[in-house]
Amino acid sequence: SLFDGVTYPWEVLDNIGDYIDQTKSLKEQDIGDGTSWHDYLIRYIESDLRYLSALYMAAKAEGFTLPEEYQQDLDSMQENLEAAAEEYGAPLEEYLTDICGDGMTYDVLYKMTEINYVANAYAEQYQETIPTSDADVFAKYEANKNSYDKIKICFYEEEYEEGAGE
């Protein structure tokens with residue numbers, strides 16, 4: 001099957017839908033460099049989890065408090081999910097399993113959402129505290145051009161017949 005029992009993040013799947021053959025396993029499909037879509041997605045998920053975990057732990061260590069708008073979303077999450085489950089025609093836990101995959105419960109989804117909110121809110125706040133000017137950015141770029149300037153060039157040959165396409 002396409003997913004081979006793996007639950008991938010939907011936002012990622014939405015972005016790759018045009019590039020995959022939905023009749024084949026992602027493990028069998030190459031992204032173009034010898035890597036399967038499955039392996040690419042697993043690396044993406046692992047990288048995202050490391051990023052969120054690092055931010056979440058830093059926020060907790062600093063005693064960061066979740067901004068009110070995020071807290072309000074968390075506070076209304078169960079009510080919103082229960083309404084969605086009712087519209088779907090299933091109890092909440094069944095709805096979550098159907099939508100998110102085996103093992104998903106409200107408590108797990110709540111904690112995942114909280115971690116995501118704390119990490120992102122903390123990152124937003126942290127970025128606002130970093131004083132940067134155009135001169136600072138340009139100086140950093142100049143000192144590290146090889147880290148920033150990356151290009152991948154692909155060549156291919158195609159036969160061309162004189163007068164074709166006229």
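- Scanning all heavy atoms of the two residues, the minimum distance from Y106 to M77 falls at CE1-CE, 4.0 Å.
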Exercise for the section: Please step through salt bridge (Lys or Arg N to Asp or Glu O under 4.0 Å) for the pair E114 and K111, ending with a clear verdict. Expected result: CA-CA 5 Å; E114 178 188 31; K111 189 62 178 177; 3.1 Å; yes

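- Separating the CD1 atom in I42 from the CD1 atom in I45 is a distance of 4.5 Å, to the nearest 0.5 Å.
- Taking all atoms of both residues into account, the shortest heavy-atom contact from V108 to G103 is CG2-O, 4.3 Å.
- Although no hydrogens or angles enter the test, the distance criterion places no donor-acceptor pair under 3.5 Å between the side chain of T35 and the main chain of I31.
- Under the 30°/60° scheme for interplanar angles, the aromatic rings of F64 and Y122 are found to stand perpendicular.
- Note that the CD1 atom of I115 and the OG atom of S53 stand 6.5 Å from one another [nearest 0.5 Å].
- Across every non-hydrogen atom of P67 and A121, the tightest pair is CD-CB, 3.7 Å.
- Applying the side-chain contact (heavy atoms from CB on, under 4.5 Å) test between L109 and each of I99, L92, L81 identifies L81 as the sole match.
- The structure places OG1 of T97 at 8.5 Å from CE of M104, a figure rounded to the nearest 0.5 Å.
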Practice task
Check step by step if side chain to side chain donor-acceptor pair (under 3.5 Å) holds for Q71 and D75.
Solution key: CA-CA 6 Å; Q71 190 60 54; D75 292 345; 2.9 Å; yes

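- A donor-acceptor contact closer than 3.5 angstrom is absent between the side chains of D107 and T105.
- Within a 6.0 Å sphere centred on CD of E46, other residues, nucleotides and ligands contribute more than 12 heavy atoms.
- Counting heavy-atom neighbours within 6.0 Å of N80 CG, excluding the residue itself, gives a total above 12.
- If you chain together hydrophobic residues whose side chains sit under 4.5 Å apart, V137 and I130 never meet in one group.
- When the side chains of ILVMFWY residues are joined at heavy-atom separations under 4.5 Å, either directly or via intervening members, Y126 and M57 end up in two distinct hydrophobic clusters.
- Linking Ile, Leu, Val, Met, Phe, Trp and Tyr residues whenever their side-chain heavy atoms come within less than 4.5 Å places V118 and M112 in a single cluster.
- Counted by atom type alone, N116 and Y56 present zero donor-acceptor pairs between their side chains at under 3.5 Å.
- Crowding of E142 atom CD: a count of heavy atoms from other residues, nucleotides or ligands under 6.0 Å exceeding 12.
- When all heavy atoms of A90 and Y95 are compared, the closest pair comes out as CB-N, 4.2 Å.
- Of all heavy-atom pairs spanning D21 and T23, the tightest one is OD1-OG1, 2.5 Å.
- Expressed to the nearest 0.5 Å, how far NZ of K60 lies from CG of L55 amounts to 13.0 Å.
- Residues L74 and Y117 approach most closely at CG-CD2, 3.8 Å, considering heavy atoms.
- When atom types are taken as modelled, the side chain of S47 and the backbone of R43 share no donor-acceptor pair closer than 3.5 angstrom.
- Counting only distance, with no hydrogens or angles, the side chain of N120 and the backbone of A123 share no donor-acceptor pair below 3.5 Å.
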